[in-house]
Amino acid sequence: MEICSNQRGSSIMWFFRDRGFDDKSIHEMFKKCKRLEGVERERASENWDYLKSIGIQERKLPSIVSKCPKILAMGLHEKLVPTVECLSTLATKPQEVASAIAKFPPILSHSVEEKLCPLLAFFQALGVPEKQLGKMILLNPRLISYSIELKLTEIVDFLGTIGLARDGMIGKVLAKNPFIMGYSVDKRLRPTSDFLKSVGLTEHDLQTVAMNFPEVLCRDVNKVLRPNFDYLKRCGFGDGQIAALITGFPPVLIKSIQNSLEPRIRFLVEVMGRRIDEVTDYPDFFRHGLKKRLELRHKLLKKKNIACSLSEMLDCNQKKFLMKFGFFVGYA
């Protein structure tokens with residue numbers, strides 16, 4: 001028996017070496033999955049080839065297998081194929097399943113009946129639209145590894161405390177940003193919501209932020225939100241104005257100061273010659289591209305010496321803008 005075991009171990013070692021794995025990574029995989037020692041080269045090759053056949057690029061396979069070596073030990077027709085076929089029913093595009101496996105290889109090791117089905121039912125009960133269920137799982141496949149009782153329920157309860165517990169609002173937030181489920185309530189989500197309230201957002205404002213840009217709730221207060229808030233203060237915005245900016249365009253708190261906020265504010269004041277508080281009336285100013293939208297439209301308006309508000313200038317597509325201000329001739 002020992003000789004047979006050694007032969008199988010040697011066989012799988014050659015399988016790994018043939019595919020470019022070094023001894024250190026092979027050793028790590030054996031530590032992660034004791035079953036590998038008993039896996040025959042033929043089974044490992046079959047599973048490897050199957051993963052290629054569903055659209056996973058061969059260059060990505062070493063990383064996928066290193067993260068979840070158990071994949072090579074699974075029965076192909078007993079486990080791998082049924083799991084992939086089940087995941088395929090959730091997909092709307094051909095590459096979504098392959099992409100999900102590359103992001104989180106252990107998704108293949110979880111039970112469809114014990115983990116995936118209860119997870120889908122949990123999200124459906126929260127009001128996640130049926131069309132969004134599959135998209136959520138495949139966009140953030142790590143969801144399948146979270147405990148519904150210990151982790152996901154805690155996130156849902158927290159979202160309820162900020163007033164999102166009605167009309168399927170929580171489901172809409174989760175569908176918009178399924179990654180929010182991976183964060184800690186105590187270490188990230190609650191400190192973020194407390195910070196937003198401390199800078200003047202009402203409960204209704206906080207709900208608006210969560211519904212429209214839930215990713216803001218996921219950012220670190222001290223590394224991202226506070227520096228952006230302090231920068232806006234230095235620019236001359238008052239506390240109430242900053243609260244209005246955040247509610248009107250929440251990403252103002254997470255956009256890069258150097259690459260996004262600063263160039264736009266400098267352009268507004270120094271080139272356009274406008275007052276900084278005009279942005280408070282139109283927070284979406286920060287959404288528009290500097291070169292493709294702001295600079296181009298300002299140049300055109302300046303040529304005709306036209307004065308207008310920021311919303312009149314920006315809150316329409318290019319065709320409507322050209323027609324509105326009489327530029328259409330020559331720009332059609």
Do the side chain of [X] and the main chain of [Y] share a donor and acceptor less than 3.5 angstrom apart?
| X | Y | result |
| --- | --- | --- |
| Gln207 | Ile162 | yes |
| Arg293 | Leu314 | yes |
| Asn47 | Met74 | yes |
| Lys79 | Ala73 | no |
| Ser53 | Tyr50 | yes |

Following the transitive rule for hydrophobic clusters with a side-chain heavy-atom cut-off under 4.5 Å over Ile, Leu, Val, Met, Phe, Trp and Tyr, establish whether Ile144 and Phe179 coincide in one cluster.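 The answer is no; the residues belong to distinct hydrophobic clusters.
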Transitively linked via ILVMFWY side-chain contacts under 4.5 Å: Ile155 with Leu120? yes
With under 30° as parallel and over 60° as perpendicular, where do the rings of Phe249 and Phe286 fit, or are they tilted in between?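 Phe249 vs Phe286 ring planes: parallel.
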Going by the angle between their ring planes, with limits at 30° and 60°, are Phe104 and His110 parallel, tilted or perpendicular?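 Judged by the thresholds at 30° and 60°, the geometry between Phe104 and His110 is parallel.
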Between Cys308 and Leu301, does a side-chain contact (heavy atoms from CB on, under 4.5 Å) hold up when you go through it step by step? CA-CA 9 Å; Cys308 66; Leu301 291 172; 3.8 Å; yes
Which heavy atom in [X] sits nearest to a heavy atom in [Y], and how many Å separate them?
| X | Y | answer |
| --- | --- | --- |
| Thr83 | Ile107 | CG2-O, 4.2 Å |
| Val128 | Met136 | CG1-SD, 3.5 Å |
| Thr192 | Arg219 | OG1-O, 3.2 Å |
| Gly160 | Ile170 | N-CD1, 4.0 Å |
| Ile56 | Ala98 | CG1-CB, 3.7 Å |
| Leu138 | Leu87 | CD1-O, 4.2 Å |

Which distance, rounded to the nearest 0.5 Å, do you find between the [atom1] of [X] and the [atom2] of [Y]?
| X | Y | atom1 | atom2 | result |
| --- | --- | --- | --- | --- |
| Thr247 | Phe213 | OG1 | CZ | 12.0 Å |
| Gln57 | Lys52 | CD | NZ | 12.0 Å |
| Lys172 | Leu126 | NZ | CG | 13.0 Å |
| Cys218 | Asn177 | SG | CG | 5.0 Å |
| Ile137 | Leu90 | CD1 | CG | 7.0 Å |
| Arg264 | Met272 | CZ | CE | 12.0 Å |

Using salt bridge (charged side-chain N to carboxylate O under 4.0 Å, His left out), reason through Asp239 and Lys233 one step at a time and then give a plain yes or no. CA-CA 8 Å; Asp239 289 353; Lys233 286 278 282 186; 2.7 Å; yes
Looking at side-chain heavy atoms only, is the closest gap between Glu154 and Lys151 below 4.5 Å?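 Side-chain contact under 4.5 Å: no.
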side-chain contact (heavy atoms from CB on, under 4.5 Å) between Ile265 and Phe237, worked out: CA-CA 11 Å; Ile265 288 178; Phe237 291 107; 4.2 Å; yes
In sequence, state the C-alpha distance, the side-chain angles, and the governing distance for Leu322 and Leu300, and then conclude on side-chain contact (heavy atoms from CB on, under 4.5 Å). CA-CA 9 Å; Leu322 295 172; Leu300 290 172; 4.2 Å; yes
Decide, yes or no, whether a salt bridge links [X] with [Y] under the criterion of side-chain N to carboxylate O below 4.0 Å.
| X | Y | answer |
| --- | --- | --- |
| Arg17 | Asp23 | yes |
| Lys24 | Asp22 | no |
| Asp205 | Lys197 | no |

